[in-house]
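Here, residue 1 is the first one in the sequence, and each next residue gets the next number. Every heavy atom of this structure was used, including side-chain atoms; hydrogens, water molecules and symmetry mates were not.
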Amino acid sequence: MIVSKPRYNTVFALSIFLVLIFGSFFLLLDSLLNSESFFILKLILTPITLVIALLVLGKLLAAIKIVKAGNNRLNIFFPISRSRIDLPLDEIRGWREDVVKTKQGEFKETKILYGKKKVIKLSNKENTEYDKLVKYLNQKAKKQKAG
């Protein structure tokens, strides 16, 4: 059985970034309420900082999933919402792998479409055992692969 989890490095880096961005938001908010200098600038930067923090937090929470592949099934577990998806491979409507070349190497992302417009995204920079999972999909769900 193939088990793909979020990479520790990615979750750690996003968590540190979230601590810093929320810290800067609260410092801006405190400064906005206590001093009048640069009031307009602080008034503009405070909501922008909050929006960035909430977007990154949403990305972090959505990215945390554990995918188990084996026995012609994909089992996806979302620890944050405590929900599970048990997906037989024949219910996959389509999947594809996108590859982008960067200076640090290749970024690969696989999108698996199932149900009515439901998508699971996995990438080689965010998930462990990514290559084994794509190899498994190539073997077991080759006919569902989109060009």
Give a yes or no answer on whether the side chain of N34 reaches the backbone of D30 with a donor-acceptor pair at less than 3.5 Å. yes

salt_bridge(K59, E126) N-O dist < 4.0 Å: yes

Please say yes or no: joined through hydrophobic side-chain contacts below 4.5 Å, possibly via intermediate residues, are L32 and I40 part of one cluster? yes

Find out whether N124 and F107 are in side-chain contact, i.e. whether some heavy atom of one side chain is under 4.5 Å from a heavy atom of the other. yes

Are any non-hydrogen side-chain atoms of I120 and Y114 less than 4.5 angstrom apart? yes

Would you kindly confirm whether I48 and F38 end up in one hydrophobic cluster when ILVMFWY residues are joined by side chain heavy atoms under 4.5 Å apart? no

When rounded to the nearest 0.5 angstrom, what is the spacing between CD in E91 and CG in L113? 12.5 Å

Of all heavy-atom pairs between K140 and L89, which one has the smallest distance, and what is that distance? CB-CD1, 3.2 Å

May I ask you to decide whether R84 forms a salt bridge with D86, counting only side-chain N to carboxylate O separations under 4.0 Å? no

Under the criterion side-chain contact (heavy atoms from CB on, under 4.5 Å), I'd like the reasoning laid out for N138 against K145: C-alpha separation, chi angles, the key distance, then a yes or no. CA-CA 8 Å; N138 270 324; K145 186 173 184 178; 3.5 Å; yes

Considering all heavy atoms, the nearest V134-T110 contact: CG2-OG1, 3.5 Å

Can L29 be reached from L43 by stepping across I, L, V, M, F, W or Y side chains whose heavy atoms are under 4.5 Å apart? yes

Shortest non-hydrogen contact from N72 to Y136? N-OH, 3.0 Å

Got a donor-acceptor contact below 3.5 angstrom from the S31 side chain to the L27 backbone? no

Close side-chain approach of V56 and L14, heavy atoms under 4.5 Å: yes

Membership question, hydrophobic clusters at under 4.5 Å side-chain separation (ILVMFWY): are I76 and I2 in the same one? yes

Distance (rounded to the nearest 0.5 Å) between I44 CD1 and F39 CZ: 10.5 Å

If you count the non-hydrogen atoms of other residues, nucleotides and ligands that lie under 6.0 Å from CD in E36, is the total more than 12? no

How far does CD1 of I21 sit from CG of L28, to the nearest 0.5 angstrom? 9.0 Å

Answer yes or no: is there a side-chain heavy-atom contact under 4.5 Å between T10 and L60? no

Please work out whether the ring planes of F12 and Y8 are parallel, tilted or perpendicular, with thresholds of 30° and 60°. parallel

State whether a side-chain donor-acceptor pair under 3.5 Å links S123 with K108. no

For the student: nearest non-hydrogen atoms of K65 and P6, plus distance: O-CD, 3.3 Å

From NZ (K132) to CG (L137), nearest 0.5 Å: 14.5 Å

Kindly determine whether S35 and K42 satisfy side chain to side chain donor-acceptor pair (under 3.5 Å), including the steps that lead there. CA-CA 10 Å; S35 74; K42 292 176 195 173; 2.9 Å; yes

Nearest heavy-atom contact between E106 and K125 is O-CE, 3.7 Å

From the options N75, T128, I66, select the one residue that forms a side chain to side chain contact (heavy atoms under 4.5 Å, CB included) with V3. I66

Spacing of I112 atom CD1 and K121 atom NZ [to the nearest 0.5 Å]: 12.5 Å

Please find the pair of heavy atoms, one from F22 and one from L50, that lie closest to each other, and give the distance. CE2-CD1, 4.3 Å

Quick one: pull up NZ in K135 and CD in E129 and give me the separation to the nearest 0.5 Å. 12.0 Å

Indicate yes or no for a side-chain donor-acceptor contact from R93 to the backbone of K117 under 3.5 Å, with no hydrogens or angles considered. no

K68 atom NZ, over 12 foreign heavy atoms within 6.0 Å: no

Just checking N71: does its CG atom have more than 12 heavy atoms from other residues, nucleotides or ligands closer to it than 6.0 angstrom? no

Between L18 and I80, is there a shared hydrophobic cluster once you connect ILVMFWY residues whose side-chain heavy atoms come closer than 4.5 Å? yes

Could you go through Y130 and E97, starting from their C-alpha distance and side-chain angles, then the distance that decides it, and tell me whether this counts as side-chain contact (heavy atoms from CB on, under 4.5 Å)? CA-CA 11 Å; Y130 173 81; E97 181 181 27; 3.0 Å; yes

Take atom CZ in F78; do more than 12 heavy atoms of anything else shown fall under 6.0 Å from it? yes

For residues N127 and V67, determine if any side-chain heavy atom of one lies less than 4.5 Å from a side-chain heavy atom of the other. no

Steps toward side-chain contact (heavy atoms from CB on, under 4.5 Å) verdict (L133, L74): CA-CA 10 Å; L133 188 64; L74 288 179; 4.1 Å; yes

